[in-house]
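Take a look at the structure set out below.
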Amino acid sequence: QVQLVESGGGLVQAGVSLRLSCAASGRTFSSYTMGWFRQAPGKEREFVAAINWSSTRTYYADSVKGRFTISRDNAKNTVYLELNSLKPEDTAVYYCAAKEMQSNFYSPGLYPYWGQGTQVTVSS
C-alpha cells in the first residue's frame with residue numbers, strides 16, 4: 001500500500017515556473033513507477049509524465065514535452081514535477097499516482113494509488 005500527498009500548486013501568471021512534489025509513504029516506494037496526471041474542469045484525466053523506479057526512463061505528454069520535467073528521490077520517497085513556461089491551458093488539478101508495473105505508463109486506469117491532487121491555475 002502506498003499513500004501519496006501532493007503539494008506545490010498555486011495561482012501563477014503565464015510564463016513562470018512551479019515545482020510540484022509528491023511525498024509517498026511505504027517502504028517500497030523505490031520499486032514503483034510514478035506518474036503525474038492532470039484533470040481540467042469538464043475534461044478527462046490525462047497523462048502528463050511518468051518515471052520508472054530507477055529514473056532511467058521518463059515519459060511525457062506531447063503537450064508538456066520540453067517544458068515539464070519529472071524526477072524522483074527514492075531516499076526521500078518523493079517524486080517531483082517541474083513545470084516551466086506555464087500556459088493558461090496547463091490549468092488543472094495535478095495528481096500523483098503510483099503503480100508496481102514498469103510498463104504501460106500512460107493509462108490512468110493502470111495506477112492503483114492516487115494522491116488527492118493539487119490545483120495549478122495559470123492566468124494569462
Side-chain angles (χ1 to χ4, degrees):
Q1 191 82 12
V2 177
Q3 293 185 327
L4 305 171
V5 179
E6 303 96 333
S7 61
L11 171 61
V12 298
Q13 290 189 326
V16 303
S17 299
L18 275 179
R19 188 175 81 157
L20 306 182
S21 299
C22 173
S25 65
R27 299 178 181 177
T28 58
F29 170 81
S30 61
S31 67
Y32 283 85
T33 288
M34 300 300 298
W36 285 96
F37 293 79
R38 67 186 181 185
Q39 188 165 18
K43 295 188 177 181
E44 292 187 354
R45 192 167 298 189
E46 66 174 2
F47 171 79
V48 175
I51 188 167
N52 73 333
W53 70 276
S54 61
S55 302
T56 54
R57 290 187 291 172
T58 57
Y59 302 86
Y60 296 95
D62 288 342
S63 58
V64 307
K65 200 171 294 184
R67 298 189 299 121
F68 292 7
T69 303
I70 189 171
S71 61
R72 67 190 296 163
D73 185 337
N74 287 342
K76 295 182 178 180
N77 279 14
T78 302
V79 62
Y80 305 97
L81 186 68
E82 187 82 25
L83 293 69
N84 297 313
S85 302
L86 280 162
K87 304 176 181 180
E89 51 264 44
D90 295 318
T91 295
V93 177
Y94 284 71
Y95 296 91
C96 172
K99 68 186 185 78
E100 293 179 320
M101 286 185 63
Q102 302 292 322
S103 62
N104 295 321
F105 296 94
Y106 303 97
S107 175
L110 296 179
Y111 287 77
Y113 307 111
W114 291 84
Q116 82 289 349
T118 185
Q119 176 71 47
V120 173
T121 303
V122 185
S123 63
S124 57

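A continuous path of Ile, Leu, Val, Met, Phe, Trp and Tyr side chains, each step under 4.5 Å between heavy atoms, connects Val64 with Val12, placing both in one hydrophobic cluster. Transitive grouping of hydrophobic side chains (ILVMFWY, heavy atoms separated by less than 4.5 Å) keeps Tyr80 and Phe105 in distinct clusters. Note on Val120: it does not cluster hydrophobically with Val93, by side-chain heavy-atom contacts below 4.5 Å among ILVMFWY residues.
Listed here is the closest heavy atom pair of Val79 and Cys96: CG1-SG, 3.8 Å. Residue Ser55 comes nearest to Ile51 through the heavy atom pair OG-CD1, 3.7 Å, listed as atom of the first residue, atom of the second, then distance. Contact detail for Ala92 and Ala40: the closest heavy-atom pair is CB-N, 3.8 Å. Contact between Tyr95 and Gly115 at its shortest, heavy atoms only, is CD2-O, 3.6 Å. The minimum heavy-atom distance linking Tyr32 with Ala98 is given by the pair CD2-CB, 4.1 Å. Taking each heavy atom of Arg67 and Ser85 in turn, the nearest pair found is NH1-O, 3.0 Å.
Considering CG of Asn74 and NZ of Lys76, their distance stands at 12.0 Å, rounded to 0.5 Å. To the nearest 0.5 Å, atom CZ of residue Phe68 and atom CG of residue Leu86 are 5.0 Å apart. Here the CG atom belonging to Leu83 is positioned 11.5 Å from the CZ atom belonging to Arg19, to the nearest 0.5 angstrom. Distance check, rounded to the nearest 0.5 Å: CH2 of Trp114 to CZ of Phe37 gives 4.5 Å. Here Leu20 contributes atom CG and Thr78 contributes atom OG1; the two are 12.5 Å apart, rounded to the nearest 0.5 Å. Of the inter-residue distances, the one linking Met34 atom CE with Leu4 atom CG reads 5.0 Å to the nearest 0.5 angstrom.
The closest donor-acceptor contact from the side chain of Glu6 to the backbone of Gly117 lies under 3.5 Å. With Tyr111 contributing its side chain and Thr33 its backbone, the two residues share no donor-acceptor pair below 3.5 Å. When atom types are taken as modelled, the side chain of Thr118 and the backbone of Tyr94 share no donor-acceptor pair closer than 3.5 angstrom. Distance alone, capped at 3.5 Å, places no donor-acceptor pair between the Thr56 side chain and the Ser54 backbone. Side-chain atoms of Asn52 never come within 3.5 Å of backbone atoms of Gln102 as a donor-acceptor pair (strictly under, hydrogens ignored).
In this structure Trp53 satisfies the ring pair (Phe, Tyr, Trp, His ring centres under 6.0 Å) test with no other residue, sequence neighbours excluded. Under the rule for a side chain to side chain donor-acceptor pair (under 3.5 Å), Thr69 has no partner lying at least two apart in sequence or in another chain.
Ring orientation note: the planes of Tyr106 and Tyr59 are nearly perpendicular, at an angle over 60° on the 30°/60° scale.
Taking a 6.0 Å sphere around CD of Gln3, one finds it holds 12 or fewer heavy atoms contributed by other residues, nucleotides or ligands.
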Trace of the side-chain contact (heavy atoms from CB on, under 4.5 Å) decision for Leu81 with Arg38: CA-CA 12 Å; Leu81 186 68; Arg38 67 186 181 185; over 6 Å; no

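A salt bridge is defined here as a Lys NZ or Arg NE, NH1 or NH2 lying under 4.0 Å from an Asp or Glu carboxylate O, and Asp90 with Lys87 fails to meet this definition.
No side-chain heavy atom of Val122 sits less than 4.5 Å from a side-chain heavy atom of Glu89.
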